[in-house]
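Step one of this worksheet: look at the structure below.
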Amino acid sequence: MKFDSKELSIVISALVIQLVVPSVFPNLHKILDNSVLFAAPVNSFRSLKEGIFLLRNGLNPYSGTIIHHPPILVSLFTVINENELVTNLIYALADLVTALNLIRINEWFMKQEVEASNEKGEKIQTKQEYFANWIVYAWYFFNPLGITSIFSRSTTVFTNMFIMITLKSLCYQELSVAVMSLSVATYLSYHPWYYILPVVCYIIKSKPEEHPWKIVVKAVGLFVSGLFGLLYLSFQLTGSWQFLTNYETIVMFHKITPNLGLWWYFFTEIFQFFNNFFVGVFNLYTFIFIVPFTLRFGKTKRDLMFALWVSIGFVNFAKAYPTISDLSLFHCLVLEWKPLFKNLRINPVISYMLTYVLLALLPVFYYVWMELNSGNSNFFYAIGLVFSTVEAVFLSDFIWSKLCEEYGGARRDLTQI
Amino acid sequence: MLLQSIWTLVLLACSVDATANTYPFKERLDLTPLPRNNLLASFNFELDSNDIQLYSDGDSISTHYTVFPRSFGPILKTTRARELHLRFSQGWWDSEVWGSLPRNGSTAGGTGVEIWSLIEADDKAQALESWVKLVNSLSGLFCASFNFIDESITTYPVKTLQPYSSFYQKVQPEKQLYLLRSALPREPICTENLTPFIKILPAKGKAGISSLLNGHKVFNSQWSSMSIDILTECDDSLICNYNLKQAIDVVLNVPKTIDRALNPIPKPTPGEELRCDQSKTHNVFQCFPLGEKTDMSWDLKTLFGTTINGGSSISSEPSKVCAHVNHEHWKVYAVTGTGDDEKFTVVDDCADLDVKSTTNFLFSTDESNNVVALNKPPVMTSRSLTGHSQDSGGFRTDFANISEDKDVDLVFFETLPWFVRIFLHTMDITITKPDKSTVTYSISDPLSETVLKQIYYSPAVDRKAPTHLELLLRIPAGCSVTLNYQFDKSMLLYAEYPPDANHGFEIDPAVISVIGEEGNEIYHFRTTTSLLTLPTPDFSMPYNVIILTSTVMSLAFGGIFNLLVKRVVTQEQADSLAKVSPLYRVSEKLGRVRTRIRQLLGRA
């Protein structure tokens with residue numbers, strides 16, 4: 001990995017911030033972790049620490065329904081022994097790995113464009129079509145979404161890292177690494193298995209010489225065996241299958257806590273008779289666009305990358321326990337779609353301003369509800385709903401822009417005819 | 001003549017029978033004046049059943065219960081409950097003023113209702129089934145909401161409330177024994193709970209000391225506690241019977257109770273009866289009130305509204321009333337009979353009640369605060385909620401060992417409802433030494449083991465099991481220890497909130513059992529209940545929420561779906577594509593048909 005001076009200074013300053021700030025403010029992660037924007041029951045660091053505590057005292061953390069972290073993660077953190085510095089270092093490293101992979105993806109996109117233009121004999125100025133590495137670094141490291149999710153020590157950081165590794169490995173034809181890291185991400189937080197479909201399609205695209213069914217069997221087989229390997233290891237670690245309730249909690253939405261998403265207030269208020277039905281509907285809704293995205297954007301590798309990206313975005317919008325750390329993964333990849341910016345109906349500056357204003361309002365309304373009691377749950381819900389709407393509009397705007405790009409391509413083809 | 005003599009004989013036989021036939025039943029009333037003009041009245045009843053068959057079907061052998069309440073036998077038998085303990089309490093025992101609890105707290109409960117039982121069953125599931133059956137039967141019997149007890153509020157105590165019947169010690173049971181416990185802290189204790197208590201006594205409140213028990217008086221008290229303990233007692237030849245102990249303890253504030261008896265409708269005290277501080281300005285307009293009178297005389301009739309209606313005629317020993325007073329300052333008289341036959345007897349310690357006549361007790365004192373030396377409780381405890389947010393909070397529990405040279409071992413038993421998600425790793429222990437220096441240990445710190453000897457923890461399962469926490473603590477002499485821990489509160493489903501959700505949820509009182517040198521429980525007490533507020537949704541919103549959320553979801557779906565099925569092409573491409581689509585052909589055909597019809601119609 002080569003850095004130029006700008007990149008290096010950004011990476012080093014980011015690392016310094018990530019190590020120094022938590023040491024100077026040791027309570028920062030507790031404050032952020034108490035906020036529902038950063039911590040859901042399934043990814044809060046406090047709950048992970050409780051798991052470590054129980055494990056160390058010889059109790060099965062999964063006999064109750066307090067801990068929803070996968071056993072291997074809990075065991076790994078038990079080894080660290082709650083050393084603050086090591087914990088900070090681990091989160092900083094995870095962040096760095098994510099960033100490095102992101103840069104590699106950025107480079108791949110640039111290369112793709114150059115190749116595409118070479119094929120067509122055109123000279124497209126890559127520098128203008130894509131952002132320079134240092135901008136991507138800066139956007140990733142100094143984005144409040146990313147940096148606060150590192151400070152909150154949300155375990156979604158690790159899921160993000162593995163998904164990023166998957167994307168990068170896909171770009172660089174390290175296909176088994178991609179599938180394996182996707183299975184780790186699935187093990188960590190359930191939802192990433194949705195992405196197996198675009199990933200398999202991508203592999204089929206990148207290996208045109210092999211029979212598609214063979215690839216499907218291989219990739220899915222690798223994914224499933226990786227996942228089962230991890231689950232079996234967890235079983236060996238805890239001595240029972242009780243830890244599977246983690247995934248049950250995510251699917252069945254057992255723990256109702258306010259969050260950024262659409263589920264919590266709906267399931268608080270829905271009549272109990274319909275509860276199970278709507279759990280089914282909402283899960284289906286989360287999955288519903290994976291297949292269409294893959295089919296619609298399945299022509300080239302770049303298109304499949306887009307399919308993966310919008311899938312991540314839609315799952316964030318529709319899943320049960322979304323947090324800011326989930327958003328961070330989606331939004332750090334947005335720079336890779338610079339070519340689409342020009343066709344957006346809403347300027348990204350405006351949509352980001354909206355997003356940040358809403359994200360700032362959410363904790364305010366939460367505070368007004370929980371602490372001051374001068375507002376009720378509707379305030380928080382309303383802002384959350386607006387936030388979700390903005391996310392959905394943002395996503396569909398990019399899809400629109402992608403269609404425009406296709407139109408541009410079509411026009412280009414036509415003119416060539 | 002002959003007839004008359006036969007009648008005499010029959011009558012004689014009957015009367016002989018009536019006097020000679022006594023049953024295993026004892027009753028005793030202890031009256032202990034407490035400081036600040038309070039009176040502790042402890043009613044004790046104890047009765048035994050006939051011998052029972054522990055392991056028979058029951059139908060083959062008819063069971064005769066004599067004084068043992070008929071309603072209990074079959075319930076205990078079908079549920080195989082070997083011990084049953086019930087507590088109904090309200091108010092707060094002020095141990096700093098009143099000293100240790102009566103009977104070392106073994107019969108005192110926390111606010112609300114508490115029940116625990118030793119049940120013999122094949123496995124845990126069967127034990128739970130019997131338990132639910134048991135509490136449901138008792139629910140009707142005691143007019144209490146026992147029927148709301150289910151697995152989500154039932155715990156299996158490990159170190160505290162341990163069984164102590166001779167059955168437990170001697171008999172090798174056929175099946176496993178399970179100890180189950182539940183509490184309903186929100187249950188108001190009222191007259192309808194007292195009535196069944198009196199009903200199960202042989203005299204049913206008509207005679208003996210139970211004739212004093214009147215709901216209005218018992219529940220207008222500072223503190224009251226009713227308890228029933230049923231044990232299975234077995235001798236060495238393994239012949240068993242049920243032993244039932246019933247206790248009702250009441251602390252009455254004497255001036256208040258008398259005031260209420262004399263003036264049922266409260267009226268302002270007339271000016272000349274006001275007790276003003278003579279050392280300060282006092283005139284028609286100004287009066288600095290003095291404290292309560294300390295030279296008083298009062299009798300049971302004023303306090304309880306009635307005299308004791310004779311002793312119990314069927315008990316194995318005479319009904320007893322005992323007064324525990326400081327004889328230097330107190331005089332106690334038993335007053336038997338009424339009107340001209342009134343007879344005063346000085347009571348030194350205990351008096352047997354006369355079966356035939358009514359008895360009243362008269363107390364007079366020149367210094368009512370001078371009472372018999374009170375036992376200090378071994379440890380003082382208070383528990384409070386910390387935090388100010390509706391979504392999280394914490395518990396802080398203080399233990400103070402007032403003895404200067406003896407460490408106290410105790411078991412701290414706490415159950416929390418499932419929607420309270422406690423984080424045990426946040427627990428820290430602060431020790432305040434006699435010289436006021438403090439030291440704080442986190443629970444993960446090995447040094448905390450000087451205080452925290454052992455932990456039993458079973459985490460909550462959503463809607464299935466409460467958090468069950470038992471801590472074995474050693475409070476060093478003269479020190480006070482503070483436990484602190486944090487928890488999160490989850491939201492409930494719409495229907496799971498009680499009607500007045502913003503009132504909050506009562507948390508069971510924590511049970512503290514002080515462990516003696518031989519490892520047995522020597523003193524019990526409970527903390528107060530805590531009122532926990534949960535985050536509540538807006539209960540008027542279900543339709544709005546369903547509509548708004550669904551709208552956003554379908555907007556997102558519709559928008560994206562609409563884009564996905566679109567293909568962006570040029571106008572020319574669109575036209576040429578449309579020409580080959582079957583839909584276009586059909587519509588074109590339809591158009592042609594339509595023009596034909598129009599033409600036809602136009603022609604017609």
Side-chain angles (χ1 to χ4, degrees), chain A residues 34 36 41 46-47 49-50 52-54 56-57 59 61 63-67 82 254-258 262 264-272 275 285 288-289 292-293 296 314 317-318 366 369-371 373 376-378 381 385 388-389 392-393 395-396 399-400 403-404 406-407 410-411 414, chain B residues 388-392 418 421-427 443-444 455 457-465 467 486 488 490-496 533 535-539 541-546 548-553 555-557 559-570 572-573:
Chain A
N34 276 338
V36 286
R46 193 145 74 125
S47 154
K49 268 178 100 170
E50 178 73 3
I52 298 168
F53 175 80
L54 294 183
R56 197 171 292 152
N57 286 285
L59 289 161
S63 58
T65 49
I66 310 285
I67 292 111
E82 289 181 55
H254 280 322
K255 280 271 181 277
I256 302 182
T257 53
L262 295 168
W264 69 275
Y265 210 33
F266 190 90
F267 284 101
T268 308
E269 298 271 1
I270 194 75
F271 309 102
Q272 213 141 21
N275 200 59
Y285 184 75
I288 200 154
F289 275 125
F293 282 153
R296 186 67 181 77
F314 191 80
F317 162 76
Y366 190 74
W369 171 26
M370 288 295 178
E371 310 260 342
N373 262 319
N376 65 9
S377 44
N378 298 344
Y381 166 68
L385 205 61
S388 297
T389 316
V393 169
L395 197 67
S396 55
I399 296 172
W400 162 253
L403 296 184
C404 290
E406 278 181 12
Y407 174 68
R411 261 250 298 252
L414 274 179
Chain B
H388 43 80
S389 174
Q390 279 187 52
D391 63 342
S392 60
W418 61 264
R421 305 196 296 133
I422 83 164
F423 294 107
L424 210 56
H425 76 270
T426 59
M427 184 183 277
I443 192 174
S444 341
I455 307 172
Y457 173 58
S458 126
V461 180
D462 290 353
R463 298 177 179 88
K464 293 263 170 59
T467 303
Q486 308 298 316
D488 272 0
S490 11
M491 287 186 84
L492 302 181
L493 300 174
Y494 189 82
E496 284 171 338
T533 48
T536 50
D538 184 339
F539 291 102
M541 283 284 278
Y543 291 102
N544 301 342
V545 169
I546 293 165
L548 289 172
T549 307
S550 310
T551 306
V552 169
M553 287 172 74
L555 267 179
F557 177 82
I560 295 173
F561 182 78
N562 184 24
L563 288 172
L564 286 184
V565 294
K566 264 200 185 114
R567 205 164 120 197
V568 189
V569 289
T570 58
E572 301 87 13
Q573 271 181 321

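Computed from a prediction, not measured in an experiment: that's the story for all the values here. Letters A, B, ... are given to chains in the order of the sequence lines, protein chains preceding strands, and every chain is numbered from 1.
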Smallest separation among heavy atoms of A/Ile66 and B/Arg421, with atom names: O-NH1, 3.5 Å
So for B/Leu548, is it side chain, backbone, both, or neither that comes closer than 4.5 Å to the heavy atoms of chain A? both
What closest approach, in Å, do A/Gln272 and B/Leu493 show between heavy atoms, and which atom pair accounts for it? NE2-CD1, 2.9 Å
Using a cut-off of under 4.5 Å on heavy-atom pairs, state which of B/Ala495, B/Ala460, B/Pro535, B/Ser550 scores highest against chain A. B/Ala460
Heavy-atom pair of closest approach, residues B/His425 and A/Arg46: CE1-O, 3.1 Å
Within a strict 4.5 Å, meaning less than it, do heavy atoms of the A/Thr65 and B/Trp418 side chains meet? no
Segment of A/Ile67 engaging chain B (4.5 angstrom heavy-atom cut-off): neither
Note, B/Ser490 side chain near A/Ile256 side chain (heavy atom, < 4.5 Å): no
Considering only heavy atoms and a distance below 4.5 Å, find which of A/Leu385, A/Thr257, A/Asn376 pairs most often with chain B. A/Leu385
I'd like to check A/Ser377 versus B/Met541 (side-chain heavy atoms, cut-off strictly below 4.5 Å). Are they in contact? no
Between A/Glu50, A/His254, A/Lys49, A/Glu371, who has the most heavy-atom pairs with chain B when the cutoff is under 4.5 Å? A/Glu50
Out of B/Glu496, B/Lys464, B/Gln390, which one racks up the most heavy-atom pairs below 4.5 Å with chain A? B/Gln390
Turns out that what part of A/Leu59 lies under 4.5 Å from chain B's heavy atoms comes down to side chain
Of the listed residues (A/Leu395, A/Asn373, A/Val393), which shares the most heavy-atom pairs with chain B below a 4.5 Å separation? A/Asn373
Non-hydrogen side-chain atoms of B/Leu564 and A/Phe289 separated by less than 4.5 Å: yes
Please examine the side chains of B/Pro542 and A/Phe271, heavy atoms only from C-beta on, and report whether any two atoms are closer than 4.5 Å. yes
Cut-off 4.5 Å, heavy atoms of chain B, and the answer for A/Trp369 is both
If we define contacts as heavy-atom pairs under 4.5 Å, which of B/Gly559, B/Pro537, B/Pro459, B/Ala556 has the most with chain A? B/Pro537
With chain A as the partner, which of B/Thr426, B/Val565, B/Thr536, B/Leu555 has the greatest number of non-hydrogen pairs under 4.5 Å? B/Thr536
Establish, from distance only, whether the side-chain atoms of B/Asp538 and A/Tyr381 form a donor-acceptor pair under 3.5 Å. no
Please rank B/Val552, B/Asn544, B/Asp462 by heavy-atom pairs under 4.5 Å with chain A and give me the top one. B/Asp462
Report yes if some heavy atom in the side chain of A/Ile270 is under 4.5 Å from a heavy atom in the side chain of B/Ile546; otherwise report no. yes
Give, as side chain, backbone, both or neither, the part of A/Tyr285 having an atom under 4.5 angstrom from any heavy atom of chain B. side chain
What I'd like to find out is whether the side chain of B/Thr549 reaches to under 4.5 Å of the side chain of A/Phe267, using heavy atoms alone. no
Using the rule given for side chain to side chain contact (heavy atoms under 4.5 Å, CB included), can you reason through A/Asn57 versus B/Tyr457, listing the C-alpha separation, both sets of side-chain angles and the distance that settles it, and then say yes or no? CA-CA 10 Å; A/Asn57 286 285; B/Tyr457 173 58; over 6 Å; no
If you count heavy-atom pairs under 4.5 Å with chain B, which of A/Ser388, A/Pro292, A/Ser396 comes out on top? A/Ser396
Report the C-alpha separation of B/Ile560 and A/Phe293 in whole Å, then their side-chain angles, then the decisive distance to 0.1 Å, and conclude whether the side chain to side chain contact (heavy atoms under 4.5 Å, CB included) test is met. CA-CA 10 Å; B/Ile560 295 173; A/Phe293 282 153; 3.6 Å; yes
Let's test your reading of the structure: which of A/Leu262, A/Ile399, A/Asn34, A/Leu403 forms the most heavy-atom pairs below 4.5 Å with chain B? A/Leu403
In terms of heavy-atom proximity below 4.5 Å to chain B, should A/Arg296 be classed as side chain, backbone, both, or neither? side chain
Below 4.5 Å, heavy atoms only, C-beta onward: do A/Thr268 and B/Tyr494 meet side chain to side chain? no
Side chain from CB out, backbone as N, CA, C, O: work out which of these in A/Ile52 comes under 4.5 Å of a heavy atom of chain B, or both, or neither. neither
Please answer whether the main-chain N or O of B/Tyr543 pairs with a side-chain N or O of A/Glu269 as donor and acceptor at a distance below 3.5 Å. no
